[in-house]
Amino acid sequence: MAEKIIVIAVRKPEQLQERFQSSLDELISLSNTAGGEVEGIFTQNRNHIHPATYLGEGKLREIKAEVEAKEIDLVISNDELSSGQLRNLNNYLGVRIIDRSQLILDIFAQRAQTKEGKLQVELAQLEYLLPRLRGQGIELSRLGGGIGTRGPGETQLETDRRHIRRRIGDIKNRLKLVVKQREQYRKRRRDNAIFQIAIVGYTNAGKSTLFNKLTDSHTLQEDKLFATLDPLTRKIVLPSGFQALITDTVGFLQDLPTSLIAAFRSTLEEVAEADFLLHVIDASHVDYEQHIETVGELLRELDADQLPMLYIYNKKDLLEDDFIAHERPYAIVSAYEEEDMQSTLRKMEEMLEKVWLPFHIALEPNEGRLMVQLEQEAILTDKSFDETDNRYHIKGYIRENHALINRLKE
C-alpha cells in the first residue's frame, strides 16, 4: 500500500512562480517514483526559511491537522533540512520527516543494481545522514521501513556514529578498487582508439528509449525519474559503417545532493571521458530550458562542457505548437520514430566531418585489413576500385589523434 505523503515548500521572493511550481511538480513526481502518494501540498511565501521549523507556526498547525485527519505517513520538504529543523518538525508533527535530498537518495537506493551503484548510494546516504542523526528523532529506532529508510541500517545510525564513520571509510576503500578497474577499462578503450559517445540529459528526458533505439537494445525504460542508474555501454554503427561505443548515463536533476554527485563522480566521469555528447531534452516539458541549464552546470563541474554536443529535442510527438530550438546544433525527434533515429545518426556524422581531417588514400588489394579498419574507425564518403592502377581509392574523414593518421598522410 502506498505511503500517504504531504509535501511542504517555502517560496522565497527571488523565486519565479513558474520555477517554484516546476520544482514542486518534480518533488511530487519523485514521491510517486519512490512509491508514495501525495495527499496534500502546503506552501508558504517567506523572505527566509524559518531556522527552527522551516515553516511558520500558523502553517505548521494547518499541516498537523491534515496529518491527523488523513493519517499521513510521511512529510517531505522541498528544501534541505538541518538536524534541528528535522528534530523540531518531527516532534511537532509526530510523523517521519525527510527532505528532497533524502528522497532522491532513497530512489537511488531502490534503483541501484550493480555492486558499485549500491556502494555509491550507501556512501551518499551515510554522508548525508551523519550530521543529521540527532534530527531523525524517534523514527530511526522505529524500524518500519518506508520511503527515506532504505539503505543503511537505521538503528546502527542512531547508536554508533563511529560505526558510520568506519563504514564510510570501508566503502571509500572498496570504491577506490572499483574506480581503478573503471580507469583501466577506460584506458583500454583509449588505447584501442574506440570512439566514445555519452548520452546525457535531465532525468526522464527519454535517454534510455533513445539508447535502445540507436543500439537495438532492450534496457529498462520507464516513465519514471531515474529509471536508469547504472551506466550501460553498447556498440553503435553509424550510417557510413563507423563504429563507436555509446553509454546511457544517469539522469541529471536540479538540486542533486552534493554527496550524491561526489559519490557518483567515477560513474559521471564516463561523460568527461567521452568524445561526443548527445544531450537529450524533453521538448514537451514546460521547464525544458531550466533542464538544459541544469545539465550544462553539471557538465561544467565535470569539465565536459567543451565536448562536441548534439542537442536532441525529444518527444516531438507530444508537442502541440511549433517548436523553436534555441541551442545549436540540434535535432527535433521522437525516439520512437526510426526515421528520426537515422537522421540523428547522419547529423552526428555531419558534425564529425566538420572537425575531423579529410583523407584520400589508395590501397593495394592485399591491404584488406587496413581497409576494414578504416571502414570501422573512420567516416568513409567514397570507396572505389580503379582497374587502371589496380588499387582501391578511399576518401573520408578521420580523427586528428587517430593512430592511422601518419599512414594516411603518406
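Computed from a predicted structure; not experimentally measured. Quick note: numbers below take in every heavy atom, side chains included, and nothing from hydrogens, waters or symmetry partners.
Heavy-atom minimum distance, Ala109 versus Gln125: CB-NE2, 3.8 Å. What you find for Thr209 and Ala335 is that their closest heavy atoms are CG2-CB, 3.7 Å. When every heavy atom of Gly201 is checked against every heavy atom of Val295, the shortest pair comes out as C-CG2, 3.7 Å. Residues Arg167 and Asp170 come closest through the heavy atom pair NH1-OD2, 2.9 Å. Shortest non-hydrogen contact noted between Met341 and Ser334 is CE-O, 3.8 Å. Nearest heavy-atom pair across Ile398 and Trp356 is O-CB, 3.3 Å.
At a threshold of 4.0 Å, the pair Glu57-Arg61 counts as salt-bridged, since one of the basic side-chain nitrogens sits closer than that to a carboxylate oxygen. Using a 4.0 Å cut-off between charged side-chain N and carboxylate O, Lys316 and Asp340 make a salt bridge. Using a cut-off of 4.0 Å between Lys/Arg side-chain N and Asp/Glu carboxylate O, Arg174 and Glu122 are scored as not salt-bridged.
Between the side chain of Asn314 and the main chain of Val280, no donor-acceptor pair closer than 3.5 Å is present. Listed for the Lys347 side chain is a donor-acceptor partner under 3.5 Å among the backbone atoms of Tyr330. The backbone N or O of Gly169 sits less than 3.5 Å from a side-chain atom of Asn173, completing a donor-acceptor pair. Under a 3.5 Å cut-off, the side chain of Arg165 and the backbone N or O of Leu130 do not form any donor-acceptor pair. A donor-acceptor pair is defined here as one N or O able to donate and one able to accept, closer than 3.5 Å; such a pair exists between the side chain of Asn91 and the backbone of Arg87. Remark: side-chain polar atoms of Gln102 are paired, donor with acceptor, to backbone N or O of Asp99 under 3.5 angstrom. Side-chain atoms of Thr33 come within 3.5 Å of backbone atoms of Ser29 as a donor-acceptor pair (strictly under, hydrogens ignored). Judged by distance alone, with hydrogens and angles left aside, the side-chain atoms of Thr249 form a donor-acceptor pair with the main-chain N or O of Ile199 at under 3.5 Å. Judged by distance alone, the side chain of Ser22 and the main-chain N or O of Glu18 form no donor-acceptor pair under 3.5 Å. No donor-acceptor pair closer than 3.5 Å links the side chain of Asn90 to the backbone N or O of Leu86.
Between Glu400 and Ile405 there is no side-chain heavy-atom pair separated by less than 4.5 Å. Put simply, the side chain of Thr381 reaches to within 4.5 Å of the side chain of Glu353, judged on heavy atoms. Counting heavy atoms from C-beta on, the side chains of Glu116 and Leu175 come closer than 4.5 Å. Annotation: side chain of Leu103 is in contact with side chain of Ser31 (closest heavy-atom distance under 4.5 Å). The closest side-chain heavy-atom distance from Ile361 to Leu374 is below 4.5 Å. Leu370 is not listed as a side-chain neighbour of Tyr392, based on a closest heavy-atom distance of 4.5 Å or more. Residues Ile41 and Ile28 have side chains in contact (heavy-atom distance under 4.5 Å, counting atoms from C-beta outward). A 4.5 Å side-chain heavy-atom check between Leu214 and Leu278 finds at least one atom pair inside the cut-off.
Of the inter-residue distances, the one linking Leu404 atom CG with Glu377 atom CD reads 6.5 Å to the nearest 0.5 angstrom. Residue Ile197 holds its CD1 atom at 12.5 Å from CG of Asp248, rounded to the nearest 0.5 Å. Rounded to the nearest 0.5 Å, atoms OG1 (Thr233) and CZ (Phe211) are 6.5 Å apart. To the nearest 0.5 angstrom, Ser83 atom OG is 10.5 Å from Leu129 atom CG. To the nearest 0.5 Å, the span separating OG1 on Thr344 from CG on Leu310 amounts to 6.5 Å. Summarising the geometry, atom CD1 belonging to Ile6 is positioned 8.0 Å from atom CG belonging to Leu93; distances are rounded to the nearest 0.5 Å.
In this model, a donor atom of one side chain and an acceptor atom of the other lie less than 3.5 Å apart for Gln290 and Thr294. Between the side chains of Gln21 and Asp25, a donor-acceptor pair is found at a separation under 3.5 Å.
With sequence neighbours excluded, the residues that form a salt bridge (Lys or Arg N to Asp or Glu O under 4.0 Å) with Lys383 are Glu375. Not counting sequence neighbours, Arg11 has no partner by the salt bridge (Lys or Arg N to Asp or Glu O under 4.0 Å) test.
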Working for side-chain contact (heavy atoms from CB on, under 4.5 Å), residues Gln120 and Val178: CA-CA 11 Å; Gln120 287 171 321; Val178 177; over 6 Å; no
Verdict with supporting geometry, Leu307 and Phe276, side-chain contact (heavy atoms from CB on, under 4.5 Å): CA-CA 6 Å; Leu307 294 171; Phe276 191 95; over 6 Å; no
Pair Gln85-Ser77, side-chain contact (heavy atoms from CB on, under 4.5 Å): steps then yes or no: CA-CA 11 Å; Gln85 288 168 333; Ser77 157; over 6 Å; no
Test log, rule side-chain contact (heavy atoms from CB on, under 4.5 Å), inputs Val271 and Thr247: CA-CA 8 Å; Val271 175; Thr247 300; over 6 Å; no
List, one per line, each side-chain donor-acceptor pair under 3.5 Å for residues 45-55, sequence neighbours excluded.
unit_1	atom_1	unit_2	atom_2	d
Arg46	NE	His48	O	2.9
His50	ND1	Ala52	N	3.1
His50	ND1	Thr53	N	3.2
His50	ND1	Thr53	OG1	3.3
Thr53	OG1	Leu55	O	2.7
Tyr54	OH	Val10	N	3.1
Tyr54	OH	Asp79	OD2	2.4

Please list, one pair per line, the donor and acceptor atoms closer than 3.5 Å that link side chains of residues 64-76 to other protein atoms, with sequence neighbours excluded.
unit_1	atom_1	unit_2	atom_2	d
Lys64	NZ	Tyr92	O	2.7
Glu66	OE2	Lys70	NZ	2.9
Lys70	NZ	Glu39	O	3.1
Asp73	OD2	Lys4	N	2.8

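Among residues at least two apart or in separate chains, side-chain hydrogen bond (donor to acceptor under 3.5 Å, both in side chains) pairs with a member in residues 272-286 are Arg190-Glu273, Asp282-Ser284, Asp282-Lys315. For the salt bridge (charged side-chain N to carboxylate O under 4.0 Å, His left out) condition, no pair includes a residue of residues 321-332, sequence neighbours left out.
The number of heavy atoms from other shown groups lying within 6.0 Å of NZ (Lys12) is above 12. Shown here is Glu339, whose CD atom has no more than 12 heavy atoms of other residues, nucleotides or ligands within 6.0 Å.
With ring centers used as reference points, Tyr288 lies under 6.0 Å from Phe323.
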